Chemist: 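Can you keep this structure in mind? I'll have questions shortly.
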Number of protein chains: 2
Amino acid sequence: MKVTGDQALVKKINKSIILHTIRMFSPVSRAKVSEMTGLNKATVSNLVAELCGQELVTEAGPGESSGGRKPLMLHFNAMAGSVIGIELRVKQLTAVLCDLGGGILQELDYRLEAHDFPYVLEQMKRIIADLIAMAPPSPYGIVGIGVGVPGMVDEHGVVLFAPNLGWEMIDLRSILENSFSVPVTIDNEANAGAQGELNFGAARDVRHLLYISAGSGIGSGIIIGGELYKGARGYAGETGHMTIEAEGKPCSCGSRGCWELYASEKTYDNSGLTLPARTTRELVRHARSGQEDALRHFSSMGEYLGIGVTNLINSFNPELIVIGGALSEAEPWLGEPLRRVVAERTLPYHKQQLEITFSKLGSRGTMIGAGFSAVMHFLGNIRVTL
Amino acid sequence: MKVTGDQALVKKINKSIILHTIRMFSPVSRAKVSEMTGLNKATVSNLVAELCGQELVTEAGPGESSGGRKPLMLHFNAMAGSVIGIELRVKQLTAVLCDLGGGILQELDYRLEAHDFPYVLEQMKRIIADLIAMAPPSPYGIVGIGVGVPGMVDEHGVVLFAPNLGWEMIDLRSILENSFSVPVTIDNEANAGAQGELNFGAARDVRHLLYISAGSGIGSGIIIGGELYKGARGYAGETGHMTIEAEGKPCSCGSRGCWELYASEKTYDNSGLTLPARTTRELVRHARSGQEDALRHFSSMGEYLGIGVTNLINSFNPELIVIGGALSEAEPWLGEPLRRVVAERTLPYHKQQLEITFSKLGSRGTMIGAGFSAVMHFLGNIRVTL
DNA sequence: AAACTTTGTTTAACCAATATACAAAGTCAG
DNA sequence: CTGACTTTGTATATTGGTTAAACAAAGTTT
């Protein structure tokens, strides 16, 4: 958008700074906010008064004195409104009702019996309506809905392609916005997961993060400078189709040797796996009981995960890598080979700073992240770069 | 940096907007600037007066009337100062003296007889001093020096590692700043090339650009949102060591199957190439005369380039890819196989929008880009994101 | 020649941040 | 308990930027 400077912008910037400072550090006093942000005490007082008027900030009682008048502590009012975060999976629709601080108020879980869009949309509307009915009364009510989808999503919230659902070119955002008259954000499942980890999980306050969602395929959520990077048309992060064997196995995408053929649940189909395991959960059970074949398989997947992760490290130089998705449940078996291969193959300078973690939010990461997108959309976030 | 909003910031933002508008569209009238930026006519008048006082903008004569008073055309004063852009290569030091608009005023070219840092530094100082001596008189004089280096550079301008020079941990920026008392920017060679293409070459006004420098190795300059992305520690874009054959040839980096072993000038050494060619220039000469072996070799390199480019497209979803570096001279032979492989292997949705071009600036791209970094550092650039 | 257009400047008003002074509410030493 | 000091938060006047509106200057069109 075309932005120019005027006093309204100044006010927006400072109000945003103050609100997010209170959100991150509450409870906190006006004086502390002034000190941390560099804004004048009077400015903070004025804007906090407005924020209180908007019910986004509340005054709690006095805090501990540090040798003078007791400070009046401010809280971010997470209960000023609520958001709905949804994860759409192949066989399941999971959703949470969150407050503005990311706290889970309600959680629902519907089975999906089919994939056709009309049916799924109906279920989606139902789960949303059910959660809206459960929402506690609040000044702003439901302020947004966020959805994480297993497929490519463009910048306008159109689902371009979701192979596992058989969807193509579905303007999910407009449909839901028209149904519920609330801002809706649609994100790729990995992108939503990345936002979840960034704000509530393993990656708080990381500036450059790579979230790798490994499950039935592999997708990545890329956080650059604290913000989601979506690419030119919205489908950055399709890393599962990165070639790691130039003349490797043919892939359904038309290419060969794609990463996800070697390091995702797709290996359960086409490898000569002798065990009766078609899901990660089953394979984890076998591995836990010491089954040789399962252990070998996880070891191989971990190594291949490491190869792809190394490629991404060399390209992005992130501070932190978080492995999420269904495969994160197999951390005890994947972690060692993955880290070993990364250590072997990565350039020496990367080794010093880089950390690799597995998801802390588990299977809830995507829907929490989707909900958080909606929260940020509501609160707004202005940033100035010099 | 901690930025808050106040009137000084507003003024900086608007002045920056106006200056860059004039820079991009000059000659242009105050009225036009006001219309394009959305700023009030009075605001534009005031700030333009200041910019004229700073000699960054000049008033040229009147322009064509469009049915009313003739506009007074404004020009960006590219001659207000000059910058020096340097490319450090293995056997050569090339440098340009540019005006603030990127126009080349002088060009020098020194042979390097050795790689040890003291010697190279001496030559560098000499080439800088020589260009300074040639600089035309101007209000600001030399306002900055930019250097493109074949290696990894951290965020503070320290050369972490330059394998082809045998350098490690050299604080080039501080050394040059102390010698010449002028702001110095040090960039990876690919990053500088990307900036060059972005501002003067094939990629003007592209928001998400991938510049691939293919020569003795492969490196990438990543432009995200119109700005160079350097990663957490400054060495994003080391894509040459992306694995494209999991169990491929061993690489000096310690890994295996690295992209640059198959798609850079490194192939001239270790392939069973029967021809007496050790440089791209020689191989191009052979290809031009229809030599079978050379044609086959380029075809193979083009295909492997395509594999790596596909991987990067899937990760970054850029608008445009520019192939630069020494291999860009072989465009007639590399172009077809590269584009063919990308078309075969890339996901269907990428195909629609993506463009792949070869460098327009040729061998000058890096030094021009390095110089441009210095220009932008001098002019400043504030941006507000909502 | 009169009416209209376009460009650029002048004027007064507005408004957000700020420095400064100040009021309120505490601590601490003796 | 008292007086000096600290810390928190508010009130006031000032500063300095953008802006709308009026205006002046310079062309064009009919």
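In what follows, every chain begins at residue 1, and chains take the letters A, B, ... in the order their sequences are listed. Quantities reported herein were computed from a predicted structural model and do not represent experimental measurements.
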Chemist: Rounding to an integer number of Å, can you tell me how far E35(A) CD sits from dG9(D) C1'?
Modeler: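 Checked: the CD to C1' distance equals 15 Å.
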Chemist: Counting side-chain heavy atoms from C-beta on, which of dG9(D), dT18(C), dG16(D) comes nearest to Q7(A)?
Modeler: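 Of dG9(D), dT18(C), dG16(D), dG16(D) is nearest to the side chain of Q7(A).
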Chemist: When you measure from the side chain of S65(B) to the backbone N and O of G67(B), does any donor-acceptor pair fall under 3.5 Å?
Modeler: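 Side chain of S65(B) to backbone of G67(B): a pair is present.
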Chemist: Suppose we screen for salt bridge (Lys or Arg N to Asp or Glu O under 4.0 Å). Which residues come up paired with K360(B), at least two apart in sequence or across chains?
Modeler: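 For K360(B), no residue satisfies salt bridge (Lys or Arg N to Asp or Glu O under 4.0 Å) once neighbours in sequence are set aside.
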Chemist: If you find the nucleotide of DNA chain C closest to L47(A) and the one closest to M73(B), which residue's nucleotide is nearer the 5' end?
Modeler: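 The residue closer to the strand's 5' end, by nearest nucleotide, is M73(B).
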Chemist: Sort and list the pairs that fulfil salt bridge (charged side-chain N to carboxylate O under 4.0 Å, His left out) and have at least one residue in residues 223-232 of chain A, not counting sequence neighbours.
Modeler: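 Checked against salt bridge (charged side-chain N to carboxylate O under 4.0 Å, His left out) - neighbours excluded - the pairs reaching residues 223-232 of chain A are D187(A)-K230(A), E227(A)-R383(A).
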Chemist: Between atom CG in L74(B) and atom C1' in dG8(C), what is the gap in whole Å?
Modeler: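 My rounded result for the distance is 11 Å.
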Chemist: Sugar-phosphate atoms are those with a prime plus P, OP1 and OP2; base atoms are the rest. Using that split, label each nucleotide of nucleotides 20-30 of chain D B, S or - for protein heavy atoms under 4.0 Å, 5' to 3'.
Modeler: B---BBBBS--
Chemist: Decide if the gap between the ring center of F378(A) and the ring center of Y140(A) is smaller than 6.0 angstrom.
Modeler: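 Yes; Y140(A) has its ring centre under 6.0 Å from that of F378(A).
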Chemist: If only atom types and distance count, is the side chain of N317(B) paired as donor or acceptor with the main-chain N or O of R233(A) below 3.5 Å?
Modeler: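 Confirmed, N317(B) side chain pairs with R233(A) backbone.
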Chemist: Check side chain to side chain donor-acceptor pair (under 3.5 Å) between E59(B) and all other residues, then give those that pass, not counting sequence neighbours.
Modeler: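 Checked E59(B) against side chain to side chain donor-acceptor pair (under 3.5 Å); matches are R30(B).
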Chemist: Take the protein atom CD of E64(B) and the nucleotide atom C1' of dT5(C), then report the distance between them rounded to whole Å.
Modeler: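 Rounding to the nearest Å, CD of E64(B) and C1' of dT5(C) are 16 Å apart.
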Chemist: Whether the side chain of S34(B) engages the backbone of L39(B) through a donor-acceptor N/O pair (distance < 3.5 Å, no angle test) should be reported.
Modeler: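 Side chain of S34(B) to backbone of L39(B), a donor-acceptor pair under 3.5 Å: yes, one is there.
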Chemist: Roughly, in whole Å, what's the span from CD in E59(A) to P in dT8(D)?
Modeler: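 Taking CD of E59(A) and P of dT8(D), I get 15 Å after rounding.
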Chemist: Please state how far atom CG in D6(A) lies from atom C1' in dG16(D), giving the value in whole angstrom units.
Modeler: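 Spelled out: CG on D6(A) to C1' on dG16(D) is 14 Å.
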Chemist: Got a sec, which residues hit salt bridge (Lys or Arg N to Asp or Glu O under 4.0 Å) with E177(A), two or more places apart in sequence or on another chain?
Modeler: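 Testing E177(A) for salt bridge (Lys or Arg N to Asp or Glu O under 4.0 Å), a comparison that skips the adjacent residues, returns R173(A).
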Chemist: Tell me which of T4(A) and N46(A) sits closer to the 5' end of DNA chain D, going by the nucleotide each one is nearest to.
Modeler: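 Nearest-nucleotide comparison on DNA chain D picks N46(A).
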Chemist: G38(B) or P71(A): which one's nearest nucleotide on DNA chain D is closer to the 5' end?
Modeler: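 Final value for this comparison: P71(A).
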Chemist: Name every residue in residues 8-32 of chain B that has at least one heavy atom under 4.0 Å from any atom of DNA chain D, in order of residue number, or write none if there are no such residues.
Modeler: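 Close to the strand are V10(B), K11(B), N14(B).
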Chemist: Keeping the roles fixed (side chain from E155(B), backbone from G234(B)), state whether a donor-acceptor pair exists under 3.5 Å.
Modeler: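 Answer holds: no.
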